Amino acid sequence: MKITVKTLQKMKEQGKKISALTAYDTLFAAYLDRAGIDVILVGDSAGMVVAGYESTVPVTMEQMIYHAQCAKRGVKNALLVVDMPFMSYQVSPEDALRNAGRLLKEGGAEAVKLEGGKTVAAQIRTCVEAGIPVMGHLGMTPQSVNMFGGFKTQGKTSEEAKKIKEDALAVQEAGAFSLVMEKVPALLAKEISEMLKIPTIGIGAGADTDGQILVTQDMLGMFEEFKPKFVRLYANLAEEISKAAGQYAEDVRKGAFPSDEESY
Ligand code: KIV
C-alpha cells in the first residue's frame, strides 16, 4: 500500500506507530521499501555517512538531488522525504520554495524536511501553500551543530524545553504534516507528541513519539565513527563486510579465486 502524508496522519489518529529509516541510494531504498518501512528519508546525513564530512553543513542541493534520484528508483510504497540542505531555505521563503520545488521536480521527493521552528515558519507555510508537504525537525538539529557546540541533547533546561514546545506549535501551525524530534528528553517528546495533532517521529527522543527514525547505516552497525546511545544495533555489517573483503583478498593472493566454474 502506498504511504502518503494522509496515511501518516491516520496512523497517528489510530495509535499505529510509524517506522522511518534513511536511504541515499537505490539498493538500500529498495531493501527498506520491501521491508515495509513507512517513511524513507534521504537525509542530509548523507554528508557524514556517504561523503565523510564531519557534519551536514557542507551538503549541497546538487548532492541532495542526486541522492534523492538514486533512492527514488528503489521506492514503491514508502513516503519519500528529502532533506533540504543547510542554506537552501534559511535565507528566505522564496529560496525555500525554489529549492523544495527542485527536490520534488528533479529529485522525485514526495515531501521535504527542514530544520527549525518559528524562524522558518514562513518558509514552511510558503512551501505548503504551493503544494509541497513539509516535515519539521526540532531538538538537536544537526545543521546548527556549530551553535550547539557539538551534537548535544537539547531541551534539558526548562527554558530550552519551553522554546522547543513553542517551536513545535509554530511548525504545526505553519502547515507541516509531521515533526522529527532529535535528541531531546523522552518526557518533553511525550508532552509534545500529546500536544500536537500532527505525527511526531523521534530519534533519541524516547518511546512515546508517534514514530521512530534512525540512520540506517547506524542501526546496521556500518557507521563506526559515531555511536550515540539511542542507536540499537540490528546487525554488525562493518564486521561482516571487512570479514568478506579480507577473505576475498586472501583468496586472490593465494590464487583460490576465481575457480574454473567462475571463469569463461
Ligand atoms: O539527516 C538525517 O538523516 C536526519 C535524521 C537523522 C532524522 O535528519
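Each residue takes its place number in the sequence, starting with 1. Since the model is a prediction, treat every value here as computed from it, not as a measurement. Note that ligands are numbered from 1 as they come in the structure, with each ligand's atoms numbered from 1 the same way.
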Residues forming a salt bridge (Lys or Arg N to Asp or Glu O under 4.0 Å) with Asp210, sequence neighbours excluded
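If we apply the salt bridge (Lys or Arg N to Asp or Glu O under 4.0 Å) test to Asp210, skipping adjacent residues, the hits are Lys12.
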What pairs with Glu250 under salt bridge (Lys or Arg N to Asp or Glu O under 4.0 Å), at least two apart in sequence or on another chain?
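Residues passing salt bridge (Lys or Arg N to Asp or Glu O under 4.0 Å) with Glu250: Lys254.
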Pairs of donor and acceptor atoms involving the side chains of residues 99-112, under 3.5 Å and at least two apart or interchain, shall be tabulated with distances.
residue	atom	partner	partner atom	Å
Asn99	ND2	Ser88	O	2.8
Asn99	ND2	Asp95	O	3.2
Arg102	NE	Glu106	OE2	2.8
Arg102	NH1	Glu62	OE2	3.1
Arg102	NH2	Glu62	OE1	3.4
Arg102	NH2	Glu62	OE2	3.1
Arg102	NH2	Glu106	OE1	3.1
Glu110	OE1	Lys2	NZ	3.1
Glu110	OE1	Leu80	N	2.7
Glu110	OE2	Lys2	NZ	3.0

Would you say Ser19 and Gln212 make side-chain contact, with heavy atoms under 4.5 Å?
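Side chain of Ser19 against side chain of Gln212, heavy atoms only: no contact under 4.5 Å found.
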For ligand 1, list all ligand N or O to protein N or O distances below 3.5 Å, rounded to 0.1 Å.
residue	atom	partner	partner atom	Å
ligand 1	1 (O)	Asp44	N	3.2
ligand 1	1 (O)	Asp44	OD1	3.0
ligand 1	1 (O)	Ser45	N	3.0
ligand 1	1 (O)	Ser45	OG	3.3
ligand 1	1 (O)	Asp83	OD2	3.0
ligand 1	3 (O)	Ser45	OG	2.5
ligand 1	8 (O)	Lys113	NZ	2.8

Distance-only side-chain donor-acceptor flag, Thr200 / Thr209, under 3.5 Å:
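Short answer, no.
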Establish, from distance only, whether the side-chain atoms of Tyr24 and Ser45 form a donor-acceptor pair under 3.5 Å.
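Side chains of Tyr24 and Ser45: pair found under 3.5 Å.
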